[in-house]
J.: 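One structure coming up, written as structure tokens, with questions to follow.
Along the sequence shown, residues are numbered consecutively beginning with 1.
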Amino acid sequence: MAMARCSLLPILAAVLLAASLSLPPSAAAYAAMVDSLLPASATALSFEEGYTQLFGDSNLMLHGDGKRVHISLDERTGAGFASQGAYHHGFFSASIKLPADHTAGVVVAFYMSNGDVYERTHDELDFEFLGNVRGREWRVQTNVYGNGSTAAGREERYGLWFDPTQDFHRYAIRWSHDTIIFYVDETPIREVVRTASMGAQFPSKPMSLYATIWDGSSWATSGGRYKVNYKYAPYVAEFTDLLLHGCPAGSPPPCEGAAASATMPPGQRSAMERFRTRHMTYGYCYDRVRYHAPLPECSVGAEAEAFLPSGEARSTDRRGGRHGKRHRRAGGGVDSAL
């Protein structure tokens, strides 16, 4: 989708965090992590200063002096926005509250891409939130594309330990020359390490940050079995605490805020492994239907026994199911999004 390009901006940041003493331990840990990445000169910018609307006319609305963004899906259209500048590595996050109730077919995406510049060789880092039928939770999907490698989808899907429709939760991408780390709140949920076998399929070109909501009826819920039901529209996704902290495209090295060394402390690595054991419901490395042999970067061990040949988790317990009564799972297995 075409987007008018503004001149490159300096490092952007908009972080609204309460004093750490008043935060629960998990939020305080996240605040400490973000503070360690931000330069002292970081300043909060409004939507008009840092972003531009992509589509959706009145389906994008600003609140709180432009610090909160609501994007909605109805029968007419979805909506989306993007950063005004592109970045080469950095830390990018948002606090997001997803639509509630029956959300089958609805897709909310928070991602980085350069598809408007490199049509056939684009890079992309995705958080995709996949809606579901009433009584079943949203699922989260991450994906990584490099150099137009869309034929080799590197999808993973997860349940969550909270209801993402009841409050805001933080989702972040930390991208460096050698690693990509996805976070939910303070917990890393996935790490992608550059390897020689990935070659150019590791994202390496400057990308912009995007947020969209759209109709994914053809695939998003049980492979397209359940469509968007517009009697529940509008579906509203809320964004706040939008953070752009990276190297503006074209800036000379070294660049402050480049996240050049995205190392993961042992405690966070343990948290990531626990999350993946409990909540990962699909992994491309275990999908023997799509890939007769795992992609080169996959290191498949004994944990593969926990997954079906389709890549779906064998256990039906890998679900978020800790939610309020309206959103508890009634039972059954994990839905496939493909």
Side-chain angles (χ1 to χ4, degrees), residues 1 3-24 27-28 30-74 76-87 90-100 108-112 127 129 164-173 183-186 207-214 233-248 256-257:
M1 186 172 298
M3 180 182 74
R5 282 281 167 195
C6 295
S7 59
L8 296 175
L9 299 179
I11 294 173
L12 306 177
V15 184
L16 303 177
L17 295 170
S20 59
L21 290 177
S22 65
L23 296 174
Y30 182 87
M33 179 181 71
V34 172
D35 286 345
S36 70
L37 294 169
L38 290 176
S41 59
T43 56
L45 299 177
S46 68
F47 180 89
E48 287 82 359
E49 291 172 311
Y51 299 88
T52 186
Q53 183 169 357
L54 288 173
F55 66 102
D57 51 74
S58 60
N59 281 21
L60 184 150
M61 299 187 67
L62 301 180
H63 301 271
D65 297 326
K67 299 293 179 61
R68 299 197 311 275
V69 188
H70 290 187
I71 53 176
S72 61
L73 170 68
D74 57 27
R76 299 180 306 110
T77 183
F81 61 93
S83 61
Q84 293 175 6
Y87 300 86
F91 185 88
F92 310 90
S93 71
S95 293
I96 305 171
K97 183 178 179 183
L98 298 174
V108 176
F110 177 68
Y111 65 106
M112 303 192 71
F127 269 110
F129 305 93
T165 74
Q166 294 297 299
D167 205 349
F168 287 93
H169 290 270
R170 290 175 284 263
Y171 305 88
I173 299 169
Y183 297 86
V184 176
D185 287 331
E186 85 288 354
M207 292 185 278
S208 298
L209 185 69
Y210 293 82
T212 57
I213 185 170
W214 49 284
Y235 299 97
V236 181
E238 304 175 46
F239 289 75
T240 189
D241 297 348
L242 289 162
L243 172 61
L244 292 166
H245 174 51
C247 284
E256 184 183 13

J.: CG/N59 to CG/L73 distance, rounded to the nearest 0.5 angstrom?
T.: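 With rounding to 0.5 Å, CG (N59) is 7.5 Å from CG (L73).
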J.: Is any side-chain heavy atom of F55 closer than 4.5 Å to a side-chain heavy atom of T212?
T.: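 When only atoms from C-beta onward are counted, T212 and F55 do touch, with a gap below 4.5 Å.
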J.: Which atoms form the tightest heavy-atom contact between H63 and H70, and what is the distance?
T.: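 It is NE2-ND1, 3.4 Å.
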J.: Okay, side chain of Q84, backbone of E48: is any donor-acceptor separation there less than 3.5 Å?
T.: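 Yes; at least one donor-acceptor contact below 3.5 Å.
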J.: Are the charged groups of D74 and R76 less than 4.0 angstrom apart, N to O?
T.: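 Looking at D74 and R76, the cut-off is met.
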J.: Report the residue from L62, L242, L60, V69 that forms a side-chain contact (heavy atoms from CB on, under 4.5 Å) with Y51.
T.: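 It is L242; the other options fail the test.
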J.: Rounded to the nearest 0.5 Å, how far does CZ of F92 lie from NE2 of H245?
T.: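 If we round to the nearest 0.5 Å, H245:NE2 and F92:CZ are 9.0 Å apart.
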J.: Can you measure from OG (S58) to CD (Q53) and round to the nearest 0.5 angstrom?
T.: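 Answer rounded to 0.5 Å: 8.5 Å.
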J.: Let me confirm one number: the CZ-CG distance from F81 to L54, rounded to the nearest 0.5 Å.
T.: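 Nearest 0.5 Å value for the CZ-CG distance: 9.0 Å.
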J.: Determine the minimum heavy-atom distance between K97 and T165, stating which atoms define it.
T.: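 Taking K97 first and T165 second, the nearest heavy atoms are CE-O, 3.1 Å.
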J.: So, does D241 use its side chain to make a donor-acceptor pair with the main chain of R170 at under 3.5 Å?
T.: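 It does not hold such a pair.
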J.: So, do L209 and F110 sit near enough that their side-chain heavy atoms are less than 4.5 Å apart?
T.: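 Side-chain contact under 4.5 Å: yes.
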J.: For F127 together with Y171, are the ring centres under 6.0 Å from each other?
T.: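 Close enough - the centres of the two rings lie under 6.0 Å apart.
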J.: What I'd like to find out is whether the side chain of F91 reaches to under 4.5 Å of the side chain of Y183, using heavy atoms alone.
T.: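 Yes, close enough: below the 4.5 Å cut-off.
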J.: For atom CG of D57, decide whether the heavy atoms of other residues, nucleotides or ligands shown that lie under 6.0 angstrom number more than 12.
T.: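 More than 12 within 6.0 Å, yes.
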J.: So which atom in W214 and which in A109 form the shortest heavy-atom distance, rounded to 0.1 Å?
T.: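 Closest approach of W214 to A109, heavy atoms only: NE1-CB, 4.3 Å.
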J.: S72 versus V236: any side-chain heavy-atom pair under 4.5 Å?
T.: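 With C-beta onward as the side chain, the pair touches.
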J.: Once rounded to the nearest 0.5 Å, what's the spacing between atom CZ of F239 and atom CG of L98?
T.: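 Rounded to the nearest 0.5 Å, the CZ-CG separation comes out at 7.5 Å.
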J.: Could you give the distance from CG (L243) to OG (S95), rounded to the nearest 0.5 Å?
T.: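 Reported value, rounded in 0.5 Å steps: 10.0 Å.
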